[in-house]
Amino acid sequence: MRVRGALVMQRIRSCEVSQQIGNTIRVQGWLAQIRRLGGIAFVVLRDGWGSLQVTADAAALAPIERANAGPESVLEVVGQVQANARAPGGFELVTPRIEVLVAVTEPLPVPLGRALAKAKPNALLDHAPTVLRDPTRRAIVQLGAAAMAGFRRGLVARGFTEIQTPKIIRAASEGGANVFALDYFGSPATLAQSPQLYKQIMVGVLERVFEVGPVFRAEPHATVRHLSEYVSLDVEMGFIEGMHDVIAVLRETLVEIVDALAERSPLLELLGAELPVVPARLPELDFVAAQELVELATGERVVGEPDLAPAHEAWLGEHARREHGSDFLVVTGYPIAKRPFYTHPDPARTAHTLSFDLLFRGTELVTGGQRLHRYDELVAAMTRAGIPAEPMAGYLEAFRFGMPPHGGFAIGLERLLARLLHLPNVRMATLFPRDRTRCFP
RNA sequence: GGGGUGGUAGUUAAGUCGGUUAUAACGCCGGCCUGUCACGUCGGAGGUCGCGGGUUCGAGUCCCGUCCGCCCCGCCA
């Protein structure tokens with residue numbers, strides 16, 4: 001191994017350095033910080049996997065001084081890995097030879113590090129391209145990746161096939177006018193609010209399917225739990241006996257997600273996250289019973305209302321914590337008036353449905369349920385909802401030619417992360433959030 | 001769409017009853033410091049107080065208008 005000459009040393013990633021004790025290695029990354037103590041200085045080098053302390057004397061820092069290289073400059077360092085109990089992680093790079101690959105000479109718009117915790121959300125989002133480099137911000141991204149990996153792993157193990165459905169579609173998938181319209185070669189089209197209709201069609205093909213992908217909502221809401229574009233973790237499965245088969249898969253999927261997150265415990269610790277325990281059976285509450293509980297506790301008149309208000313969901317979240325020791329609560333049997341046309345009514349009480357919401361720490365995280373699968377019933381439901389059949393011809397074709405009893409659910413990824421990590425705003429769980437007033441960076 | 005609230009240095013905030021040169025912390029720059037890991041310490045630079053108009057001897061502060069953001073509700077994951 002030679003530092004100079006025809007042989008180029010292999011680049012070592014920060015996460016591999018602990019296996020290189022005693023070796024002279026080459027590392028590359030960003031200058032996170034220099035702590036100067038006079039004759040000795042500690043250079044913190046960050047790469048895509050973590051960070052590494054480089055211990056340098058004044059002479060070794062000369063290239064940085066010459067280039068006037070400030071925070072976020074891109075560096076290459078060749079040095080020897082030395083075990084040292086005084087170094088973070090128990091090792092450091094000594095006798096370094098530092099080369100400045102890209103010198104950054106202006107201060108960051110939002111300094112990384114401890115100041116970040118106090119910055120306003122807007123400043124963080126405006127400067128996401130650099131702010132995301134902060135270890136706490138990128139940990140959120142990494143945990144999101146882990147959650148998606150757990151979701152996929154669990155479903156694949158249960159015989160589900162991952163699909164990708166179109167995001168440019170003819171008609172609104174959920175009904176309602178809150179869709180983004182776009183020009184499709186001169187014809188009107190919209191961005192998909194949900195893969196709902198397509199994943200149902202695919203139940204007729206593969207029985208069990210799932211999708212990880214973006215959905216688009218043009219609702220003019222402005223709250224800490226809404227985005228105009230978010231990632232939906234969608235599941236749909238055929239040949240169910242009833243809604244509880246769907247809830248069972250949801251529970252198992254949550255276990256898989258939590259397990260995958262648990263494998264990233266350093267990231268969880270960095271963010272102070274507490275993983276929820278998924279109970280052996282998710283606590284369930286009927287919609288009307290939930291309303292009665294809220295009414296009894298708060299004195300507000302809520303029985304008879306078609307939906308639960310966010311404040312009531314928060315109360316129910318605390319109720320689940322108190323009574324069941326659970327961060328999760330399944331609310332079943334929502335009124336049919338507030339559910340989309342494809343929702344299966346409850347045969348025992350037709351004003352209610354075989355559908356459910358999953359509350360996670362008091363926030364609506366999942367919606368799911370059993371769907372209508374008989375063609376005639378579906379057409380009747382569409383007629384009642386005032387949905388024209390013509391744009392839905394493809395959807396209806398699947399049902400005309402035999403669909404089994406089926407159901408599914410969708411998890412909002414950013415909401416999961418926001419509640420998991422106690423983020424004040426769902427926007428903080430997104431790389432580049434889109435909302436009513438933000439379409440940049 | 002309705003309601004509430006805010007805009008002061010790169011970032012976060014203070015600024016009293018309208019009164020002299022608009023403060024502080026972090027960040028940035030410079031000095032000192034050989035085991036830091038929120039390093040410490042001394043000094044320095046950095047401002048169209050969102051914008052426009054008005055009241056006043058005098059406006060960050062009061063009034064009117066305007067722009068932009070944030071939070072809540074409706075709706076939703």
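Letters A, B, ... are given to chains in the order of the sequence lines, protein chains preceding strands, and every chain is numbered from 1.
- Separating the CD atom of A:Gln82 from the P atom of B:G35 is a distance of 15 Å, rounded to the nearest angstrom.
- Across all strands, A:Asp57 comes closer than 4.0 Å to no nucleic acid atom at all (heavy-atom distances).
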* Asked: Can you list the steps and then say if A:Arg153 with A:Asp259 is a salt bridge (charged side-chain N to carboxylate O under 4.0 Å, His left out)?
  -> CA-CA 11 Å; A:Arg153 192 170 65 192; A:Asp259 285 353; 5.8 Å; no
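- Atom CG of A:Leu365 is separated from atom C1' of B:C76 by 13 Å (rounded to the nearest Å).
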* Evaluate the criterion salt bridge (charged side-chain N to carboxylate O under 4.0 Å, His left out) for residue pair A:Arg321 and A:Glu318; output intermediate values, then yes/no. => CA-CA 5 Å; A:Arg321 181 103 224 127; A:Glu318 288 167 27; over 6 Å; no
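- Between the P atom of B:C26 and the CG atom of A:Asp134 lies a distance of 18 Å, rounded to the nearest Å.
- Checked against B:C37, B:C76, B:G35, the side chain of A:Ala87 finds its nearest nucleotide in B:G35.
- With the nearest nucleotide of RNA chain B identified for both A:His226 and A:Arg36, A:Arg36 has the one nearer the 5' end.
- Of the candidates B:G35, B:A77, B:G69, B:G35 carries the atom nearest the A:Glu92 side chain, counting heavy atoms from C-beta on.
- Among the protein residues, A:Asn425 comes within range of the sugar-phosphate backbone only, with heavy atoms under 4.0 Å from sugar or phosphate atoms but none that close to a base.
- Atom CD in A:Gln193 sits roughly 10 Å away from atom P in B:A77 (whole-Å rounding).
- A gap of 29 Å separates the P atoms of B:C42 and B:U8, to the nearest Å.
- A 3.5 Å limit on both hydrogen-bonding distances identifies B:G4 as the Watson-Crick or G-U partner of B:C70.
- Listed nucleotides: B:G35, B:A77, B:C37. Nearest to the side chain of A:Ile40: B:G35.
- Distance from the side chain of A:Leu37 is smallest to B:C39 among B:C39, B:A77, B:C70.
- Atom NE2 of A:His312 is separated from atom C1' of B:C76 by 17 Å (rounded to the nearest Å).
- The CD1 atom of A:Ile34 sits 13 Å away from the P atom of B:C39 (whole-angstrom rounding).
- With B:C71, B:C73, B:G27 as the candidates, the nucleotide lying closest to the side chain of A:Arg225 is B:C73.
- The nucleotide whose nearest atom lies closest to any side-chain atom of A:Asp435 is, among B:C73, B:C70, B:G10, B:C70.
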* Can you give one letter per nucleotide of nucleotides 1-7 of chain B, going 5' to 3': B for a protein heavy atom under 4.0 Å from the base, S for sugar-phosphate only, - for none? -> B------
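- With a 4.5 Å cut-off on side-chain heavy atoms, A:Val27 and A:Leu93 count as touching.
- For A:Leu93 and B:U36, the CG to C1' distance is 16 Å, given to the nearest whole Å.
- The aromatic ring centres of A:Tyr230 and A:Phe216 sit 6.0 Å or more apart.
- A pairwise comparison of heavy atoms in A:Ile169 and A:Pro166 identifies CG2-O, 3.7 Å as the closest pair.
- Taking all atoms of both residues into account, the shortest heavy-atom contact from A:Pro276 to A:Leu420 is CD-CD1, 3.6 Å.
- The side chain of A:Thr437 contributes an N or O atom lying less than 4.0 Å from OP1 or OP2 of B:G69.
- No hydrogens or angles considered: a donor-acceptor pair under 3.5 Å links the side chains of A:Glu92 and A:Thr55.
- Where stacking is scored as ring centres under 5.5 Å apart with planes under 30°, A:Tyr230 registers as stacked on the base of B:A77.
- Summarising the base pairing, B:A59 is matched to no nucleotide, lacking a Watson-Crick or G-U wobble pair whose two defining distances lie under 3.5 Å.
- If you take atom P in B:U16 and the same atom in B:A22, they sit 15 Å apart, rounded to whole Å.
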Can I get a per-line list of side-chain donor-acceptor pairs under 3.5 Å for residues 138-148 of chain A, giving both atom names and the distance, sequence neighbours left out?
unit_1   : atom_1 : unit_2  : atom_2 : d
A:Arg138 : NH1    : A:Asp47 : O      : 2.9
A:Arg138 : NH2    : A:Asp47 : O      : 2.8

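- Side-chain contact of A:Gln200 with A:His406: a donor-acceptor pair under 3.5 Å is present, judged by distance alone.
- Comparing B:C75 with B:G53, their P atoms sit 44 Å apart, to the nearest whole Å.
- At the heavy-atom level, A:Thr367 lies under 4.0 Å from the strands shown only through sugar-phosphate atoms.
- Nearest to the side-chain atoms of A:Val224 among the listed nucleotides B:U11, B:C71, B:G35 stands B:C71.
- Atom P of nucleotide B:G27 and atom NE2 of A:His127 are separated by 18 Å, given to the nearest angstrom.
- Comparing B:C39, B:A77, B:U11 by their closest approach to the side chain of A:Pro111 singles out B:U11.
- Straight-line distance between the P atoms of B:A13 and B:C73: roughly 23 Å, to the nearest whole Å.
- Base pairing annotation: B:G44 forms a Watson-Crick or G-U wobble pair with B:C28, both donor-acceptor distances under 3.5 Å.
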